Amino acid sequence: MFEYSKENRILKNREYQTMYADSSKWVSTSFVVLGRITENLVPRLGVVVSKKIGGAVTRNRIKRLCREAFRNNKGLYPSLDVVLIARRGVANTTGEMISLDVKQCLSRIYKKLLLKSPSREGSYER
RNA sequence: UAACUUUAGUGGGUUGAUGCAAAGAAAGGUCUUUGAGGAAAGUCCGGACUUUAAAGAGUGGGAUGCUGGUUAACGACCAGGUGGAGUAAUCCAACGGAAAGUGCAACAGAAAGUAAACCGCCUUCGGGUAAGGGUGAAACGGUGAGGUAAGAGCUCACCAGCGUUUUGGUGACAAGACGGCUCGGUAAACCCCAUCUAAAGCAAGACUAAACAACAAAUUUUAAUACUUGUUAUUAAAAACUAUCUACUCGAUAGAUUUGUGGGUAAGUCGCUACAGAUAUUCAGUAAUGGGUAUCGUAGAUAAAUAUCAACCUCCUAUCCUAGAAUCAUUUUUAGGUAGAGACAGAAUCCGGCUUAUAGCUAGAGUUAACAC
RNA sequence: CCCCAUCGUCUAGCCCGGUUUAGGACACCGCCCUUUCACGGCGGCGACACGAGUUCAAAUCUCGUUGGGGACG
């Protein structure tokens, strides 16, 4: 239920490239979100934190917090691929804020995708 | 008590819930064990390991630079010498050579280096002299006495420096004796001397699977043959050319090679963590370090694990609150509560160092000052 | 594994230290020229990334730190 194994991650560089090429985008205060609905029944997450944001410690911390938030909420969004790209201000915010922000991002992007392709809506809703 | 110096250590803990990575067990949806630092960082040195088909010589380049030792090795460390800073504990030093050679020294100043062209002093008017001359970072020793026309290591005493020698020390060097009498600074300027030095780096490299492929341009001379009789084609030979071997030369090897454009593959296994290993103890050594004995096995990912939430405890801080103690008082201090804070920072082939970052806390040794006994 | 850092911007000087008050161009400010603007002329403002060391003296030589950029699969 709340697992986060390798099935729930975006691993290959090629997959990231496809996400960049073909996805819908939403921007929050601390993240840029790329979302895409796939044929799999498993939601997947990828996190991008560049060196601009901080050292290795802060970047790892942000990644972990993102994964934690995704892990707690992923049951709501089946067959959704998401890439979270961190923006400048993330380093100063607390863990609670990040988890809230991630939740918001997920819901927004899912709604946006459903509106964009309403014909698919029926097949993916539970 | 205050102000320091120095050497070590620590780097929050426990419990519960939900997760992640690896290994091992199971075989029904699991279980068990383990899981980040003193700097994991910077990548500044040194090694192990791997590849560069393979053996070299010389020149050059680079690094180091008081002495002795330690080490796998080092630019690291230990001990000592010399010089400098500090009242001292202690700290710092790229600390070989200027009598092999070439350079450089702005401004000021008479003069910046084979001493003397200026002023001055003395003069028998031929000359002698470097005592004095405000400079400068630095002026062919310094102080005192004798001496002289005026002066001068010209002579003497002491000091500094130089050479020879004796003693002590493995040595750097130290102490003493004797001698003649002054022969500057800069090598973090070139340079000389001594020692060391091939390059690239786990994205090294090995295996398996898949894929494989092009196009354009460039490439000397001679000879023979062909014909369309010349900026021709083919063949052969020669050296040359190209590539590699460290930058160059010699030498060696290979040959179709080189350059540009464009395209493709970047996925699995190994390398991968057992060791110049860790902890404790003992012996040798002033010490760095080395030898012996016992116990232990302790991260291994690849969009990259080691986390999130809750509770309690611990530590620190406070223009906060309550209670107590000391003091004339400012204030200091003890206990509890409340609030805040808990640094620097994340393994990526592995070790030995160096450098830089680091909230607070603990311990040892030492110095100086004041007071008390 | 390399390279770089100088006025607001682009740069010279660095190798081989003193000549220089760190030079030049554009930009900015003021004045002149012009009916006015532009062009032109004159003047001004303004910088050696930071911290140590060597030296009499450092933008320049050496070491460390910080920031920026590039190459390699």
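All chains are named by letter (A, B, ...) in the order of the sequence lines, taking the proteins before the strands, and each is independently numbered beginning at 1. Just so you know, these numbers use all the heavy atoms, side chains as well, and skip hydrogens, waters and symmetry mates. None of these values were measured; they are calculated from a predicted model.
- Among the heavy atoms of the strands lying under 4.0 Å from Arg67(A) are primed sugar atoms or P, OP1, OP2 only; no base atom is included.
- Remark: the backbone N or O of Lys25(A) is paired with a side-chain donor or acceptor of Lys112(A) at under 3.5 angstrom.
- Rounded to whole Å, the separation between the C1' atoms of rG271(B) and rG61(B) comes to 35 Å.
- In this view, Arg59(A) satisfies the side-chain hydrogen bond (donor to acceptor under 3.5 Å, both in side chains) rule with no residue, not counting sequence neighbours.
- Base pairing of rU87(B): no nucleotide in any strand meets the Watson-Crick or G-U wobble criterion (both distances under 3.5 Å).
- As rounded to the nearest Å, rA211(B) and rG268(B) have C1' atoms that lie 16 Å from one another.
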All N/O contacts under 3.5 Å from nucleotides 346-348 of chain B to the protein, with atom names and distances to one decimal?
from, atom 1, to, atom 2, distance (Å)
rG346(B), OP2, Ala56(A), N, 3.4
rG346(B), OP2, Val57(A), N, 3.4

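- With both ends at atom P, the span from rC241(B) to rC250(B) equals 10 Å, rounded to whole Å.
- In this structure the side chain of Arg9(A) never reaches within 4.5 angstrom of the side chain of Leu45(A), judged on heavy atoms.
- In this structure, Arg9(A) and Glu68(A) both approach RNA chain B, and ranking their closest nucleotides by distance from the 5' end singles out Arg9(A).
- Look at rG153(B): its glycosidic torsion is within 90° of 0, and that puts it in the syn range.
- Ranked by how close their nearest RNA chain B nucleotide is to the 5' end, Leu65(A) and Val47(A) are led by Val47(A).
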Worked check of salt bridge (Lys or Arg N to Asp or Glu O under 4.0 Å) between Asp81(A) and Arg44(A): CA-CA 5 Å; Asp81(A) 277 15; Arg44(A) 298 196 301 171; 3.0 Å; yes
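- Look at the C1' atom in both rU20(C) and rC7(C): the space between them is 16 Å, to the nearest Å.
- The shortest side-chain heavy-atom distance between Ser24(A) and Leu113(A) falls under the 4.5 Å cut-off.
- A gap of 39 Å separates the P atoms of rC272(B) and rU195(B), to the nearest Å.
- rG255(B) and rG62(B) are spaced 35 Å apart, taking the C1' atom of each and rounding to whole Å.
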